[in-house]
Amino acid sequence: MRKKAFLLVLVAVGFLVSCDNGDTYEDYQVARPLTMDVAQFKAQAVSVTEPEPIISSGKIYTYRSYIFVNDVNRGFHVIDNSNPTAPERIAFIKLEGNYDISVKDDKLYADSYGDLVIFDIANINDIKVSNRIVNAIYENGGIWATDLEYPTADFYDYGNYDYQKDAIVGWTVTTERRLVSEYESRYGGRYYEDSSLANTTSSDSGPGRSVGQGGSLARFKIVGDYLYVVDYSNINIFDISDVANPETLEDVQVAWDIETIFNQGDVLFIGGRQGMYIYDITEPQKPTFISEFRHGTACDPVVVDGDYAYVTLKGGNFCGNADSGLYVVDVSDLANPELKVIYPMSGPNGLGIKGDRLFVCDGEAGLKVFDKSDAPNVTEIDHFEDIFAYDVIPLDGSLLMIGEQTLYQYDYVENNIELISTFELN
């Protein structure tokens with residue numbers, strides 16, 4: 001009996017020694033993705049529903065008597081603004097992966113996971129998808145369902161997941177025994193079982209045509225028969241002379257981290273985190289580089305009026321380390337833009353121009369109104385505090401402004417503006 005007990009002890013000691021030699025196991029959380037074919041996923045990511053509360057308000061766009069408010073990455077809300085004192089919700093257009101839109105002749109162009117999606121809005125109460133051009137703006141790999149959170153786990157087992165063909169729609173997390181040595185070889189604190197996943201990152205114009213108007217944060221811009229869309233580094237160009245069937249043209253590389261687009265006549269002004277880039281579109285199908293104005297790293301929308309460009313730079317957080325401010329740049333010589341004045345700001349976002357008035361959305365500091373009749377010098381003439389200001393669209397008869405889940409409308413009164421209505425979107 002004692003011999004048997006002694007043998008059991010030897011076996012146990014031997015097992016412990018083998019663990020000490022690098023074969024130690026522990027319990028770990030292992031996450032695996034639930035997937036769907038990406039084409040099927042994109043198809044079901046589009047629908048037109050009854051109005052619903054907004055989750056995260058983004059950009060605004062206006063077309064005829066309608067206002068479209070982007071719900072970041074989810075789609076856009078359609079509002080009937082026939083009576084600016086009492087706007088009415090019409091519908092919510094679910095379009096996952098969407099950030100911007102533009103409209104011409106009742107055709108609404110929108111992005112969705114890198115695709116260009118065209119809606120027919122001739123009947124605003126019966127909106128339909130009329131076309132979709134896959135990967136027209138950029139090829140989007142690693143698509144996730146909207147609002148899907150990254151799970152907390154020790155291992156991420158992607159198995160046969162193909163980031164170009166599959167969309168992740170959920171996760172399973174299980175507890176499994178794994179080698180401690182395997183965990184210690186993890187990438188950046190987490191272990192990826194498919195090494196390829198470790199580096200994966202997931203106002204318009206046209207004579208005789210009906211075209212909408214966006215704000216200064218726009219990534220879409222229609223000029224004549226062409227739609228220009230900026231992604232993170234390129235100008236994507238579409239011939240929309242046939243509004244229902246856009247033709248994809250060759251894109252133009254600009255720089256990394258470009259964010260916004262604005263035109264004055266046949267000139268495009270591209271805002272980016274490193275600077276403002278100026279392009280000639282005399283040949284609209286092929287924008288030609290003219291010059292650039294470099295600044296510190298910051299978020300950078302731009303609007304232009306005559307000889308001056310007005311640029312808001314927002315520093316801090318993910319935007320960069322530049323000082324926040326309103327930059328006035330002389331662009332009378334397009335080949336040699338020259339900084340004239342910097343006005344300190346708290347955390348500016350979008351801006352807009354109406355005659356001699358310049359409207360600046362200064363984030364939590366509110367909406368600021370300037371007189372720019374003596375440009376490049378501007379003088380603050382009013383300040384609407386206690387509101388969050390994100391972007392504005394100065395229309396002929398009124399000013400639209402979007403804040404945090406709230407739409408504001410103002411009337412022009414002599415040299416000032418006066419609140420018409422406040423419309424809560426949540």
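Heads up: numbering here begins at 1 and tracks the sequence.
Not one N or O on the side chain of Asp80 forms a donor-acceptor pair closer than 3.5 Å with the backbone of Pro87. Side chain of Tyr410 to main chain of Met401: no donor-acceptor pair is present (N/O by atom type, distance under 3.5 Å, no hydrogens or angles). Proximity of a side-chain donor or acceptor of Asp362 to a complementary backbone N or O of Ser346 within less than 3.5 Å is detected. The main-chain N or O of Pro301 is never found under 3.5 Å from a side-chain atom of Lys314 such that the two would form a donor-acceptor pair. Put simply, the side chain of Asp115 never gets that close to the backbone of Val117: no donor and acceptor are under 3.5 Å apart. Remark: side-chain polar atoms of Gln409 are not paired, donor with acceptor, to backbone N or O of Ser398 under 3.5 angstrom. Distance alone, capped at 3.5 Å, is enough to place a donor-acceptor pair between the Asn131 side chain and the Ala244 backbone. A donor-acceptor contact shorter than 3.5 Å is absent between the side chain of Ser291 and the backbone of Tyr277.
Residues Pro53 and Leu425 fail the side-chain proximity criterion, which asks for heavy atoms closer than 4.5 Å. Between Phe68 and Ile60 there is no side-chain heavy-atom pair separated by less than 4.5 Å. In this structure the side chain of Val69 reaches within 4.5 angstrom of the side chain of Ile402, judged on heavy atoms. Arg32 places none of its side-chain heavy atoms less than 4.5 Å from the side chain of Val173. Taking 4.5 Å as the limit, some side-chain heavy atom of Tyr226 sits within range of a side-chain heavy atom of Ile237. By the 4.5 Å heavy-atom criterion applied to side chains, Val229 and Leu227 are counted as neighbours. Side chains of Tyr343 and Val328 form a contact here, defined as non-hydrogen atoms less than 4.5 Å apart.
In the displayed structure, Glu424 atom CD is contacted under 6.0 Å by more than 12 heavy atoms of other residues, nucleotides or ligands. Applying the 6.0 Å contact sphere to CG of Asn160 captures no more than 12 heavy atoms from other residues, nucleotides or ligands. Counting heavy-atom neighbours within 6.0 Å of Glu364 CD, excluding the residue itself, gives a total of 12 or less. No more than 12 heavy atoms of other residues, nucleotides or ligands lie within 6.0 Å of CD in Glu88, so this atom counts as exposed by the packing criterion. Atom CG of Asp27 has more than 12 heavy atoms from other residues, nucleotides or ligands within 6.0 Å.
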For this session: Output, in order, the C-alpha distance, side-chain angles, deciding distance and verdict of side chain to side chain donor-acceptor pair (under 3.5 Å) for Asn98 and Asn70.
Result: CA-CA 8 Å; Asn98 168 255; Asn70 172 243; 3.0 Å; yes
Problem set entry | Derivation of the side chain to side chain donor-acceptor pair (under 3.5 Å) call for Ser82 and Tyr66 | CA-CA 7 Å; Ser82 300; Tyr66 303 108; over 6 Å; no
For this session: Please test Lys94 against Asp71 for salt bridge (Lys or Arg N to Asp or Glu O under 4.0 Å), starting from the C-alpha separation and ending with a verdict.
Result: CA-CA 9 Å; Lys94 174 189 172 185; Asp71 202 337; over 6 Å; no
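Using a cut-off of 4.0 Å between Lys/Arg side-chain N and Asp/Glu carboxylate O, Arg178 and Asp154 are scored as not salt-bridged. A salt bridge links Arg74 with Glu52; the closest basic N to acidic carboxylate O contact falls under 4.0 Å. Under the 4.0 Å criterion applied to side-chain N and carboxylate O atoms, Arg357 and Asp382 are not assigned as salt-bridge partners. The pair Asp111-Arg219 fails the salt-bridge criterion, with no side-chain N (NZ, NE, NH1 or NH2) lying under 4.0 Å from an Asp/Glu carboxylate O. Lys59 has a carboxylate O that lies under 4.0 Å from a charged side-chain N of Asp100, or vice versa, which qualifies the two as a salt bridge.
Below 30°, between 30° and 60°, or above 60°: for Phe388 and Tyr390 the angle between ring planes is below 30°, a parallel geometry. Between His77 and Phe92, the two ring planes are tilted [angle within 30° to 60°]. Ring orientation note: the planes of Phe76 and Phe119 are nearly perpendicular, at an angle over 60° on the 30°/60° scale. Between Trp171 and Tyr156, the ring-plane angle classifies as perpendicular under the 30° and 60° cut-offs.
To the nearest 0.5 Å, the span separating CD1 on Ile270 from CG on Leu268 amounts to 5.0 Å. Residue Leu399 holds its CG atom at 6.5 Å from CG of Leu367, rounded to the nearest 0.5 Å.
The nearest pair of heavy atoms linking Gly58 to Val72 is CA-CG2, 3.9 Å. Scanning both residues, Pro394 and Phe359, for their nearest heavy atoms gives CG-CD1, 4.4 Å. Tyr161 approaches Thr35 most closely through the heavy-atom pair CD1-CG2, 3.7 Å.
The aromatic ring centres of Phe262 and Phe269 sit 6.0 Å or more apart. For an aromatic pair to be called close, the ring centres must be under 6.0 Å apart, and Phe384 with Tyr408 fails this.
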